[in-house]
Structure formats: C-alpha cells, structure tokens
Amino acid sequence: GVISAILLSGTVYSANMTVGFSQIGSESGWRAAETSVAKSEAEKRGITLKIADAQQKQENQIKAIRSFIAQGVDAIFIAPVVQTGWDPVLQEAKEAEIPVFLLDRNITTKDDSLFMTGVAADSVHEGAVAAEWLIKQLNGQACNVVELQGTVGASVALDRKKGFLDAVAAVPTIKIIRTQSGDFTRSKGKEVMESFIKAESNGKNICAVYAHNDDMAIGAIQAIKEAGLKPGKDIKIVSIDGVPDIFKAMIAGETNASVELTPNMAGPAFDALLAYKKDGSMPPKNIKTKSILFQPDSAQAQLEMKKSMGY
Ligand code: GYE
C-alpha cells in the first residue's frame, strides 16, 4: 500500500540522510567549486551535508572522519589529500558499517572493500592530454619544459606527472628541465616559477610550463609577466582544471590550454549512495569523469557556461 510505495520510492531514505564530507581545503578555484557543487547536489536530493575543511592536512581529515563515525552519519565522503595512510581509519568506518566514497583523488589500499567507489578523472590520462597538446604545438621544435607539480604525495600529482612524462618520453626534443611542487596554489605556483625563471637565464631558456592545475598556471603567468616576458607567447602554458579564471587568461592571450575536469564529483557519489541504501546495489569501483582539452577559441563559451552553472 501507501507505506511500501513510499519505501520503494527511495526518497524516504534521502530525506533523513546525513553525509559527512572530509574536504581537503581551499587551495584552488576548482576545490572551491567542488565544495559549492557538493552543497547544491546534496540539497537537490534532500541530503544533509556536513563539510569539514582539513586545511591540507591528512591528520585533520582523519580526525574529521573519526568524528563523523562517532556522530553515526549515513555515509562519509573523502577527498584524500595524499594517497597513502588511510587503511586504519577506513577500517574503523567499515566496522561502524558506514560506507565511504572517495572524491577526486585516489588512495592506495591493501583492501578495496574499505571504500564503495571513487569518483575521479583519470589523472594519468589528463597528463597525457596536456602533453599531446604540447607535442602537437611544437611540431618537432625543441622545447625546455618546466613542471609545477601538485601537492606532494597526492595521487593527482603523481598521476598527472606520470601521464605527461610517459607521453613526452617518446619525443627526445622535449626536455623537462625543472620540476617542483607548487602545492596546487597560486602563490606557491608564482614563487616556484620565479625561481625557475631566475635559474634559467631570466626565463629565456624556458619554452613551456606544464602546471598540474590552473591556479599554479595563473601564478606562473604573473611571474612571467613580472620577468618582462609574455605568457602564452614567449612561454607556452598548459594546465588542468578548466576554472573560470583560466578561461579569462586564455581570452587575454596569456595562456594556451587547459584540460577541464568537472567540479561535480559529489553528484555521482550521492546517486551511488542512494542506490546502495535503496536496494544494496553496489557501484563500480571507479566512476570516471571526462577530461577535455580547451583552447582560446572556446574560452568565451566555456566561461559563460561555467557562469550559468554558478561556478
Ligand atoms: O585539479 C586541483 C586541486 O584533486 C582533482 O586538486 C583535484 C585537484 C584539482 O586543488 O586544482
């Protein structure tokens, strides 16, 4: 009758559900967008979302996860700042029968049953897409590349590095002459780029920047300008994320390409959670989002689309 219809509809589960989200911090524009999309996706489904900001520290994430377990939340979402060291706290969640969903970064674990699914892009592929753009642009011309890496130990930094390296390994005229972490932030990206410029004949020895995210690319643009060079022209730039500010930089002619990734990581995780709570159905171990490269010709349209989506 009426009661079973309500039970079967699934909405009865979402209405009273609480999800704890251990977010990394606010290092980048992409991260801020992910947080705000998570809030609106929760609201759409009538789910209560509690967000804990870990300020880039795994120990803060572990504390937040323990507190979510103590509160008896219905599920835990984690954007894992680094790749290793999660098994003990995930074991605690498993013992408390709280399903865990990973967002936007991966972990290495001995036991895959410690999480339900991970929603993320293929970061090795993102690095390869960035490299292929550069290889095509250069068309055989020699090029010294500097690399701005993401947070040390983060899966996305390791994988974006690997994907790019593997692709350029086949092209002996492309050399990565310097590489360092800029921690995914604008300020660190700028600082590291300044030191690269100083060490490489005031930037004249640098042909291209590969930044693991847009914010570091934006920092690099500032450093290049301050050194009296033209970003996007004297030094080519390719990065990852597709945030509004990088499209603005493309429109200004100051950067060349970005591999977009959606900030909507929470939506697919909520859907997987609702399906699981409804009838126990298990999601695939990985839910992959797309990676599409954008260049200045489509920057205006992308910027408008992002705006209309509220990013
Ligand atoms: O690309 C970057 C960030 O983990 C996919 O983290 C995410 C990355 C994103 O802060 O901007």
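Predicted model only: the values in this text are computed from it and were never measured. Residues: numbered from 1 along the sequence shown. What's counted below: heavy atoms across the whole structure, side chains too, no hydrogens, waters or symmetry copies.
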Does a donor on one side chain sit under 3.5 Å from an acceptor on the other, for [X] and [Y]?
X	Y	value
D279	S281	yes
S40	E43	no
S67	Q71	yes
S113	K94	yes
E226	Q222	no

Under a 4.5 Å cut-off applied to non-hydrogen side-chain atoms, are [X] and [Y] in contact?
X	Y	answer
V145	F164	yes
D87	L114	yes
L229	I206	no
I197	N202	yes
V119	L102	no
I51	K39	yes
Y210	L148	no
I76	V19	no

> Could you walk me through whether W86 and Q61 pass the side-chain hydrogen bond (donor to acceptor under 3.5 Å, both in side chains) check?
Replying inline: CA-CA 10 Å; W86 297 99; Q61 290 201 281; over 6 Å; no
Is it true that, when you exclude [X] itself, more than 12 heavy atoms of the residues, nucleotides or ligands shown sit nearer than 6.0 Å to its [atom1]?
X	atom1	value
Y276	OH	no
K285	NZ	yes
M305	CE	yes
K288	NZ	yes

Can you see which heavy atom on [X] is nearest to which on [Y], and at what distance?
X	Y	result
L274	M17	CD2-CE, 3.3 Å
L158	Q83	CD1-NE2, 3.7 Å
P80	L103	CD-O, 3.7 Å
A120	M265	CA-SD, 4.0 Å
A217	I237	CB-CG2, 4.0 Å

Would you call [X] and [Y] a salt bridge, taking side-chain N to carboxylate O under 4.0 Å as the test?
X	Y	result
K190	E194	yes
E92	R66	yes
R31	D104	yes
E41	R45	yes

Run the side chain to side chain donor-acceptor pair (under 3.5 Å) test against [X] and tell me which residues pass, sequence neighbours left out.
X	result
S155	none
N286	none
K188	none
D234	none

Could you grab the distance from atom [atom1] of [X] to atom [atom2] of [Y], nearest 0.5 Å is fine?
X	Y	atom1	atom2	answer
N106	S123	CG	OG	7.0 Å
K277	D74	NZ	CG	5.0 Å
T179	Q149	OG1	CD	3.5 Å
I221	R186	CD1	CZ	9.0 Å
S26	Q55	OG	CD	7.5 Å
I65	I69	CD1	CD1	7.0 Å

> Going through the distances and angles, do E27 and T185 end up as a side-chain hydrogen bond (donor to acceptor under 3.5 Å, both in side chains)?
Replying inline: CA-CA 5 Å; E27 74 280 4; T185 68; over 6 Å; no
Name the atoms and distances for all side-chain donor-acceptor pairs under 3.5 Å in residues 247-254, with sequence neighbours left out.
unit_1	atom_1	unit_2	atom_2	d
E254	OE1	K225	NZ	3.3
E254	OE2	K225	NZ	3.0

>> Walk me through whether E147 and H212 qualify under side-chain hydrogen bond (donor to acceptor under 3.5 Å, both in side chains).
In response: CA-CA 8 Å; E147 179 186 33; H212 288 190; 2.8 Å; yes
> Taking the inter-plane angle between the rings of F270 and F77 on a 0 to 90° scale, is it parallel (under 30°), tilted (30 to 60°) or perpendicular (over 60°)?
Replying inline: tilted
> Under the disulfide bond (SG atoms under 2.5 Å apart) rule, what pairs show up with a residue in residues 187-281, not counting sequence neighbours?
Replying inline: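 Disulfide bond (SG atoms under 2.5 Å apart) check on residues 187-281 returns C143-C207.
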>> Out of the candidates D215, D214, V156, I24, only one should pair with F184 under the side-chain contact (heavy atoms from CB on, under 4.5 Å) rule; please name it.
In response: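 Between F184 and the candidates, side-chain contact (heavy atoms from CB on, under 4.5 Å) is satisfied uniquely by V156.
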